[in-house]
Each structure stands twice: as C-alpha cells, then as structure tokens.
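Written out below as structure tokens is the structure these notes cover.
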Amino acid sequence: MRRTLQAVPLVLCGLGLLHVSLVTDLYLRYVKEGMRPLLIATGAVLLLLGLASAVLDRGANSSDGHGHGRSGTPKVAWLLLVPALSLLCYAPPALGAYTAARQSAKPVVHQGDFDPLPSASPLPMTLSDFTSRVREDRGQAIKGRVVRMTGFVTPGDGDEWELTRLILNCCAADAQSVKVRVHGGPVPPADTWVTVTGTWHPGGTLGTASAPVALDARTVTKVPRPTNGYQDALPPGESVAR
C-alpha cells in the first residue's frame, strides 16, 4: 500500500468532523453544544495531517526516483473509512425512544424551597421541573394546574406512553432520560415530538416520592424536533417555571 493512500482515512475523517460540526448541526446528535470548538479543531488537525502526509510522501518518492515504498500500517486502519463516510454521506440518527425505553428515569435532583408558580395557563414547564414539583414540592403548587410540556414519545403499555427528554452530560453514550407518563389522549408514534397540555395525574401523596410523575392529557400536538434535542428546555420565547 502506498503511503500516500494512508492519508485518505485521515483526510476523510477530518472532512467528516468538519462537515457535522462546521457546515451542519449534526454534531448535536452525538455531543453537547459546547463540544463544537473541539470537534472543529480535531477535524482541522486530521485534515492537515492527512494532506501533509500525502505531500511529504510525494516529495520522498520524487527524490528517490520511484514510488514503490511500502508501509507497515495494518489494513484494519482502513476501517476508519466507515465512520468517516458515514459522517459525510449518512449521519446516524439521534437517540430516541429505543434508548429511552431501556433506561431508568434520571434521579430527581433534591431542591429546597420552590418559588411561587406563575399564573399563566397553560403553564410552560420542562419535564425536570414538573418532576421536581410532583416529587419534592410539599406546597403542592402543581395540583390542579394546567401545564404544557414538550418532548418525544416513548411507547408504553396500552393507551399509556411517556413524554421523554434525553439529557447529555458529555456525549450520547452517557445520555439520561427524563420521563412523564401520559394518560388519555391519542397515542402518537414512537419518536414523534409533541407538546402536551394537561394536569397532574393524581396518585400517592403529591410532593413526595409516592406521587406518580404523570399527566392527564388534554391536548397532544405534533411539533418539529428542536435543533438541540439533548436538553430539557422550553421552546424559544417561553420562560422557565420554577
């Protein structure tokens, strides 16, 4: 194998990283938004290393008068072409219902005092905030309030399903799920992004761990997947209820 050809995997890997992080937002399917500068830098370094390797090899071949040098690089290195071409031609889809269905819900983060809820109705909330209110707010401020939350669909049993968000600490490998069980209303297909309005589904003692993190749905509306789906955030323009 000519040494010049060994530069091809490096060049393609660099181009693949630059494509998903610089030209498009596809990198948000795999890592947090803050990782973008590192991906761009890594892609640029790989591209430059590949090009430099090819140029230096051409110079060496010209000086020795032949181009029959061989390399000890194992052929398995060519497997790098698979992820590189994948990023360039067909980026793997984002994590969704398949992953969430095989994960337990993210533990509730202990929160002390809660601020009064805004008077808006329906009240926009993140899934994490709703979970905290249901399990930790002894004042039971969420009781009887009509709330609005957005996430994707994870199928459940029968007519029940779970409104879900996946949250990254670093990359897709460490994703954790936040889920709210939905009662009533239509059952959308798996991975469909929806906005649900409804009220807390009674059970146990509200404000304690015995209360179900569940919603009685009034409306279920299909919405586009947000650009950055790996965060539990409200749609643009809506303020967070705490």
Side-chain angles (χ1 to χ4, degrees), residues 16 19-21 23-36 39 82-83 85-108 122-132 134 147-201 212-238 240:
H19 172 70
V20 299
S21 60
V23 180
T24 71
D25 291 324
L26 290 175
Y27 75 99
L28 291 174
R29 297 182 182 183
Y30 321 115
V31 297
K32 294 181 69 172
E33 188 172 7
M35 299 290 288
R36 187 175 197 174
L39 290 177
V82 177
L85 292 175
S86 176
L87 291 175
L88 284 170
C89 302
Y90 178 76
L95 301 180
Y98 180 86
T99 299
R102 287 153 179 79
Q103 288 183 332
S104 56
K106 182 180 179 181
V108 178
L123 178 65
M125 297 190 78
T126 64
L127 275 65
S128 297
D129 290 334
F130 180 79
T131 301
S132 295
V134 168
V147 301
R148 178 172 65 238
M149 295 181 288
T150 299
F152 65 85
V153 176
T154 299
D157 299 325
D159 293 334
E160 296 180 4
W161 51 280
E162 292 175 316
L163 187 67
T164 310
R165 287 278 192 156
L166 288 171
I167 303 174
L168 301 187
N169 291 319
C170 174
C171 59
D174 61 20
Q176 291 183 296
S177 63
V178 182
K179 305 173 185 176
V180 174
R181 185 166 291 276
V182 179
H183 299 263
V187 182
D191 291 318
T192 303
W193 279 82
V194 295
T195 293
V196 182
T197 61
T199 56
W200 173 67
H201 179 78
V213 183
L215 198 71
D216 286 326
R218 294 187 177 183
T219 64
V220 179
T221 306
K222 184 178 179 180
V223 296
R225 184 186 189 279
T227 301
N228 188 353
Y230 288 140
Q231 58 180 351
D232 189 17
L234 295 177
E238 295 187 346
V240 180

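No donor-acceptor contact under 3.5 angstrom links the side chains of His183 and Asp216, judged on distance only.
Between Pro122 and Pro124, the shortest heavy-atom distance links the atoms O-CD, 3.5 Å. Nearest heavy atoms, Pro188 versus Val220: CG-CG1, 3.9 Å. Taking every heavy atom of both residues into account, Thr164 and Ser177 meet most closely at CG2-CB, 4.3 Å. Counting all heavy atoms, side chain and backbone alike, Arg148 lies closest to Thr195 at CG-CG2, 3.3 Å. Closest heavy-atom contact between Tyr230 and Leu95: OH-N, 2.7 Å. Listed here is the closest heavy atom pair of Thr131 and Val213: OG1-CG1, 3.5 Å.
In this structure, Asp232 contributes its side chain and Arg165 its backbone to no donor-acceptor pair below 3.5 Å. With Lys179 contributing its side chain and Ala100 its backbone, the two residues share a donor-acceptor pair below 3.5 Å.
Remark: Thr192 pairs with no residue by the side chain to side chain donor-acceptor pair (under 3.5 Å) rule, at least two apart or across chains. Remark: Thr219 pairs with Thr197 by the side chain to side chain donor-acceptor pair (under 3.5 Å) rule, at least two apart or across chains. Listed by chain and number, the residues in a side-chain contact (heavy atoms from CB on, under 4.5 Å) with Thr221 amount to none (sequence neighbours excluded). Listed by chain and number, the residues in a side chain to side chain donor-acceptor pair (under 3.5 Å) with Ser21 amount to none (sequence neighbours excluded).
For residues 148-175, the pairs satisfying ring pair (Phe, Tyr, Trp, His ring centres under 6.0 Å) are Phe152-Trp193, with sequence neighbours left out. Within the structure, every pair that satisfies the salt bridge (Lys or Arg N to Asp or Glu O under 4.0 Å) test and touches residues 180-192, not counting sequence neighbours, is listed here: Glu160-Arg181, Glu162-Arg181.
Across Val196, Leu215, Thr199, a single residue satisfies side-chain contact (heavy atoms from CB on, under 4.5 Å) together with Val147, and that is Leu215.
With rounding to the nearest 0.5 Å, the separation of CD in Gln176 from CG in Leu168 is 10.0 Å.
In this structure, the side chains of Leu234 and Thr126 come closer than 4.5 Å at one or more pairs of heavy atoms.
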